[in-house]
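Below: the structure, in structure tokens.
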Protein chains: 2
Amino acid sequence: MAKNQPKLEADLADATIHIRDHCLCLHAQRAARALARRFDDALRPHGITSGQFSLLNVLNRREPVAMGPVAKFLAMDRSTLTANLKPLERQGLVSIEVDPEDRRSRKLLITTEGRKVLRAAVGVWKHEHAALESEIGVDPEPLRAGLRAIA
Amino acid sequence: MAKNQPKLEADLADATIHIRDHCLCLHAQRAARALARRFDDALRPHGITSGQFSLLNVLNRREPVAMGPVAKFLAMDRSTLTANLKPLERQGLVSIEVDPEDRRSRKLLITTEGRKVLRAAVGVWKHEHAALESEIGVDPEPLRAGLRAIA
DNA sequence: CGGATATGTTTTGATATCAATATAATATTA
DNA sequence: TAATATTATATTGATATCAAAACATATCCG
């Protein structure tokens, strides 16, 4: 009985080492944090974060979009999208309007000012993303494919 | 002059479509969110989140570790680690002690109770991670390699 | 020894994230 | 048409995330 505990501990130690090395959830969180920090830094001069850049980018369409599809595309909870829109609306980069066709729904639009910020930020993205791809030293395509398969 | 604006708009539209499809930061955030939700769900019966699981897992060592190396391993800001330890400490799963060798430093330790929760959670992880790898339908190795190269 | 510098952690304030719940409006159906 | 169900978003409360600044302790060097 008392002899059993050390064996369980050793098994657990083996498992945790395996998990540290192989857990895709852990590896994805680490990469996501590192990339967010990197692009946050690069975009800081333009007053937006990496997440806000992605959101502005998605909203840059001819026709306004509702929240549901945007949240789904970003693989994000709808309530998170609600929260994320607030600073952008406050800065005047997006506008949120009740859909007259269905008054439960909101139409999301990038503003002229938002497009101006986005245009400048795209320049930063191009530079930074090219640097990233060259730095990682692996073919980015299978990586993108894997990430797409997960989300 | 007036003719210039439509061209800029069209160029921006092309760029934003390219970014939606290719941005590794965006793809990583989406995958990270989807995986966190999935493992949060699976681990909920054990009272911990996916991030807390990863942290407990890292702390499951014979010798206590300082915060710096843990934050670095998790690719996370030190202040984020400080915040993440609080709920775990409150639940009695980890303990934080001043390092007598260097009183600026803290030693992090998983408790017996923490190890008990971890042991149960590892079972969930094995089941869920195997399901994930079979679902994504791509070789997980290049994906892991890419994520490792980023973080 | 003692001031300047470096290192390790915490605090603060802003944004991000989710689940659960609430609110509002549309759609269905009895 | 009225009650019920469904859909779309917002609110609340907890955790997560980071940068900047504050704090505490240690080290360096004059």
Side-chain angles (χ1 to χ4, degrees), chain A residues 25-26 28-45 47-55 64-72 74-91 93 96-108, chain B residues 25-26 28-45 47-55 64-72 74-91 93 96-108:
Chain A
C25 186
L26 169 58
Q29 308 304 321
R30 294 202 305 186
R33 284 190 285 256
L35 289 175
R37 270 196 305 275
R38 176 176 188 149
F39 283 87
D40 282 355
D41 271 356
L43 292 169
R44 189 160 298 121
I48 57 173
T49 66
S50 59
Q52 293 170 342
F53 172 73
S54 292
L55 180 46
V65 220
M67 296 186 59
V70 173
K72 188 164 192 179
L74 295 174
M76 142 191 314
D77 195 275
R78 284 148 183 253
S79 64
T80 303
L81 179 56
T82 298
N84 290 359
L85 286 166
K86 287 187 178 174
L88 292 177
E89 193 184 23
R90 180 155 27 81
Q91 292 177 250
L93 307 184
I96 306 172
E97 296 172 10
V98 172
D99 180 354
E101 307 285 308
D102 179 346
R103 309 221 323 271
R104 291 169 302 185
S105 180
R106 304 285 181 271
K107 291 296 196 186
L108 307 179
Chain B
C25 186
L26 169 58
Q29 308 304 321
R30 294 204 304 188
R33 283 190 287 256
L35 289 175
R37 270 196 305 274
R38 178 178 186 146
F39 283 87
D40 282 355
D41 272 356
L43 292 169
R44 190 161 297 120
I48 57 173
T49 65
S50 58
Q52 292 170 342
F53 172 72
S54 292
L55 181 45
V65 221
M67 295 187 60
V70 174
K72 189 164 190 178
L74 295 173
M76 142 190 316
D77 194 275
R78 284 147 183 248
S79 65
T80 303
L81 178 56
T82 297
N84 291 359
L85 286 167
K86 287 186 179 174
L88 292 177
E89 193 184 23
R90 181 156 25 81
Q91 292 176 249
L93 307 184
I96 306 172
E97 297 172 9
V98 172
D99 181 355
E101 307 286 309
D102 180 344
R103 310 224 319 275
R104 293 169 301 182
S105 180
R106 305 284 181 269
K107 291 297 195 184
L108 307 180

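Note: hydrogens, waters and symmetry copies are ignored here, and every other heavy atom, side chains too, is used. So that the names make sense, note that chain A is the first sequence line, chain B the second, and so on, each numbered from 1.
When all heavy atoms of Asp41(A) and Pro45(A) are compared, the pair lying nearest together is O-CD, 3.7 Å. Gly47(A) and Gln91(A) get closest at one heavy-atom pair: O-NE2, 3.5 Å. Across all their heavy atoms, Leu35(B) and Ala28(A) have their closest contact at CD1-CB, 3.8 Å. Taking each heavy atom of Ala32(A) and Gln29(B) in turn, the nearest pair found is O-NE2, 2.9 Å.
Distance, Asp77(B) CG to dA19(D) P: 6 Å, rounded to whole Å. Note: CG (Leu74(B)) to P (dC18(D)) measures 10 Å, nearest angstrom.
Proximity of Asn84(B) to Met76(B): side-chain heavy atoms (C-beta onward) are separated by under 4.5 Å at one or more points. Between Gln52(A) and Pro87(A), some side-chain heavy-atom pair lies under the 4.5 Å cut-off. Leu74(A) is listed as a side-chain neighbour of Arg33(B), based on a closest heavy-atom distance under 4.5 Å.
Running 5' to 3' along DNA chain C, contacts with non-hydrogen atoms of chain A at under 4.0 Å begin and end at dT15(C) to dT26(C).
Each of Met76(B) and Ala83(A) has a nearest nucleotide on DNA chain D; the 5'-most of these lies closest to Ala83(A). Along DNA chain C, the nucleotide closest to Gln91(A) and the one closest to Arg37(B) are compared, and the more 5′ of them pairs with Gln91(A).
Side chains of Thr49(A) and Asp40(A): a donor-acceptor N/O pair is absent below 3.5 angstrom, by distance only.
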Produce the list of close N/O pairs, under 3.5 Å, pairing protein atoms with atoms of nucleotides 6-10 of chain D; give distances to one decimal.
residue : atom : partner   : partner atom : Å
dT7(D)  : O2   : Arg104(A) : NH1          : 2.9
dT9(D)  : OP1  : Met67(A)  : N            : 3.1
dT9(D)  : OP1  : Ser105(A) : OG           : 3.4
dT9(D)  : OP1  : Arg106(A) : N            : 3.3
dT9(D)  : OP2  : Gly68(A)  : N            : 3.0
dA10(D) : OP2  : Thr82(A)  : OG1          : 2.8

